[in-house]
Amino acid sequence: MQAETEHNRSFTQMVRNPQALAAAARSNVELWANLLIIGWALGFMLWQGVGFAITVGTVFAIWAILSVSLNLVVGFTGLLSVGHVGFFGIGAYTVAILTSRAEYEQLRTEAIPTFGWPFFAALPLGVLLAGVIAVAVGVVFNRFRDDIYVLVSFGFAIISFNVFLNWRGLTRGAFGIHEIPRPAVGGWVLDNELAFLVFTLAVLGIIMLLSWLIVTSSFGRVLTAIREDEQAVAVFGYRTTHYKLAVWTMSAMMAGLAGGLFASWTRFVDPNSFILLESMLLVAIVILGGLATIWGSLLGAMAFVLLEEGMRFLPFLPEIHVGQARLVVLGILLVLLMLFRPQGLVGRYRL
Amino acid sequence: MRPGAEKIDDPFAIQTDDISKHFGAVKAVRRLSISIPKRGLTSIVGPNGSGKSTLVNLLSGVLPLDGGIVIIEGASLKVVKAHENPSHGLTRTFQEVRLFDQVSVWDNIMVVLTKRRLFPAMLERVKPMQRDRARGILENVGLWDKRDALAENLSYGQRKLLEIGRAMAMEANIYLFDEPFAGLFPEMVVKVKEILNRMREQGDTIVFISHNMDIVRELSDHLIVLDSGSLLAEGDVDEVLSQPKVIKAYLGV
């Protein structure tokens, strides 16, 4: 009885107090977003069967690694980069070139050297290369902020795409690199789709753990302060350029890792996988899920992949229009989100 | 004589020698040479646009010097770097309150209590000692109950107090407060006065900008009057305020 009156009191208080009401509504939106997307994923899995779910799950895991890593830069540090796909591509091409065993010399088209490295030797090198290039690019990017930052990162995406397309002696340009082997340790090859899914999910788990350690450390707190007022952070004794460069480089290395997984999973890379649009979609996922929340990025990636794959099955939509239609839907979704929920599905911060 | 004794005997916390700053054609600070004594409260007054905030921005490295030298705690600097402020024992607040808006009140304080170097900061998690200090400061400025709120959701007076709290957390020797009393309710003014007086009792050097001459008379030990980016008068408060040129420039009579 008493509990009931207390409940009633708190309810009337809530109605009288718009802030409390807004807070309650907000937490409910988060709950509903979580339930909806996870329920959708489970339903999709039951409907389409395990085989398709494994494929979708792997695509999700790779997008999720990318979006969690980009959120470190965009959400936590406030640097709106649309060049993340460049590092994704660097990782993918490094793994593709180093592991490929195809005899391109016998083809009449572009021949490239083949190294035949094992996947687990090529992957760290791809990550490292993404990191080295990120340091070089980041030193320059540190001179810019806000709108100009978006533009220079845009430039990076364009340049990296053109390198993939035109450095034909290394990348085979538009022909792409075929027959990239799956990861193998000794005699055990990860050619089973389920095994590969488990592997990518494990990598995603490690990336999430790393990101969590980063953002909950003192370093992470400084990053959020940089997002809010970089000059004020500097006044309190922080070399903000070092902090920005460090998080940028770590994020780029994670993207490189995702690229390596992607190359090995699809067994084929060509420049079309690394166009600017992919970067834009990635930024959209981060904003959709919510800035500065690791879980949000996961949820955003899941919603995006479900949207992308789910629209294939719309009965009234011809197969050839699926690609464009999903962009239209995503675009409308983003506009609605910015209008009614600028902090994203489970986020707390605005752009 | 002990090594370093000379530095201790230096009667000035901050000196400037011929410093200048211009924004395009506007000369905000012109060949200004001032001395701020160690310990006690020094206030900087002057009409709007006289270069008070620019002076504080130059001393804290927020704006680069166009010329001249700044001497802080005996260190002679041609270039003042903002991130080196703590090594000079200097901290500040801003005229337009600059908090980390979309960050909790708690983290606004914690951010100045943690390690500055990149790699140690990556490995550092919050320690009980830091937690106690943050709690002490938040209780001191009366914002302990608001610790989980985002800074942007505080009232103006609370934001001002939080910014002062953040400066206190630095445990500096020199505090530069840019208009700490502007826009505050009378109770808040009393609170900020208390904080400044407590700092003075601890032997800190406090510099503040204010337009309120009653507060300036009441609190200051030393007074600097600026006009059009130049020094108009400097010295003991009552003596300076009785100078005819100060009365003329400041009160316009």
Side-chain angles (χ1 to χ4, degrees), chain A residues 17-20 22-23 26 72 74-78 135 138 142 210-251 290-293 342-344 347-351, chain B residues 56-57 59-63 80-94 96-104 106-127 130 134 148-153 163 166-167 169-172 176 178:
Chain A
N17 182 351
Q19 258 182 344
R26 191 162 55 236
L72 291 177
V74 175
F76 287 96
T77 321
V135 170
N142 265 345
L210 267 177
S211 302
W212 182 81
L213 286 172
I214 289 170
V215 300
T216 53
S217 68
S218 297
F219 173 73
R221 191 180 297 104
V222 176
L223 294 183
T224 55
I226 288 174
R227 177 188 72 204
E228 298 302 320
D229 190 338
E230 187 179 342
Q231 201 170 44
V233 191
V235 163
F236 294 105
Y238 290 100
R239 283 173 170 264
T240 53
T241 47
H242 294 190
Y243 277 70
K244 287 194 293 183
L245 191 60
V247 72
W248 168 258
T249 304
M250 289 189 287
S251 169
L291 295 171
T293 139
Q343 72 271 46
R348 202 179 168 192
Y349 307 105
R350 298 174 315 271
L351 198 61
Chain B
V56 168
N57 284 337
L59 295 179
S60 59
V62 169
L63 290 174
V80 186
K81 290 178 183 154
H83 67 261
E84 285 173 359
N85 285 333
S87 60
H88 303 136
L90 181 145
T91 194
R92 66 166 295 177
T93 66
F94 295 88
E96 70 297 3
V97 182
R98 280 169 77 169
L99 293 167
F100 307 120
D101 278 338
Q102 298 193 64
V103 170
S104 70
W106 173 258
D107 279 334
N108 263 278
I109 298 292
M110 280 305 300
V111 79
V112 303
L113 295 177
T114 52
K115 292 193 174 118
R116 296 317 195 253
R117 294 178 64 85
L118 184 64
F119 292 107
M122 282 185 190
L123 300 174
E124 189 186 39
R125 328 283 301 173
V126 178
K127 290 189 269 294
Q130 293 166 328
D148 292 325
L150 294 186
E152 66 178 356
N153 293 336
E163 205 192 19
R166 188 175 63 182
M170 293 289 294
E171 293 193 347
L176 310 178
D178 197 345

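First the proteins, then the strands, lettered A, B, ... as listed; each starts at 1.
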Nearest heavy-atom neighbours spanning A:Arg227 and B:Val103
NH2-CG2, 4.3 Å
Of the listed residues (B:Met170, B:Arg92, B:His83, B:Lys81), which shares the most heavy-atom pairs with chain A below a 4.5 Å separation?
B:His83
Counting heavy-atom pairs under 4.5 Å with chain A, the top scorer among B:Leu99, B:Leu123, B:Leu150, B:Leu113 is B:Leu150
Of B:Arg166, B:Lys115, B:Arg117, B:Glu84, the largest count of non-hydrogen pairs under 4.5 angstrom with chain A goes to B:Arg166
B:Val111 and A:Tyr238 have their tightest heavy-atom pair at O-OH, 2.6 Å
Looking at A:Val233, A:Ile226, A:Val222, which hits side chain to side chain contact (heavy atoms under 4.5 Å, CB included) with B:Phe100?
A:Val233
Choice from A:Ala246, A:Ala232, A:Ala292 maximising heavy atom contacts with chain B below 4.5 Å
A:Ala232
Let me know if A:Leu213 has heavy atoms under 4.5 Å from chain B in its side chain, its backbone, both or neither.
both
Please report the closest heavy-atom contact between A:Gly237 and B:Pro86, naming both atoms and the distance.
CA-CG, 3.4 Å
I need the residue from B:Leu118, B:Asp101, B:Asn85, B:Val126 with the largest number of non-hydrogen atom pairs under 4.5 Å to chain A.
B:Leu118
Nearest 0.5 angstrom please: B:Gln102 CD to A:Arg348 CZ, how far?
9.5 Å
Could you look at B:Phe119 and say if it's the side chain, the backbone, both or neither that has a heavy atom under 4.5 Å from chain A?
neither
Locate the shortest heavy-atom distance separating A:Gln231 from B:Val62; write the atom from each residue and the value.
NE2-O, 3.3 Å
Please classify the contact between B:Glu152 and chain A as side chain, backbone, both or neither, with a heavy-atom cut-off of under 4.5 Å.
side chain
Note: A:Ser217 and B:Met122 closest approach over all heavy atoms is CB-O, 3.3 Å
For B:Glu124 and A:Ser218, the nearest pair of non-hydrogen atoms, with its separation, is OE1-OG, 2.6 Å
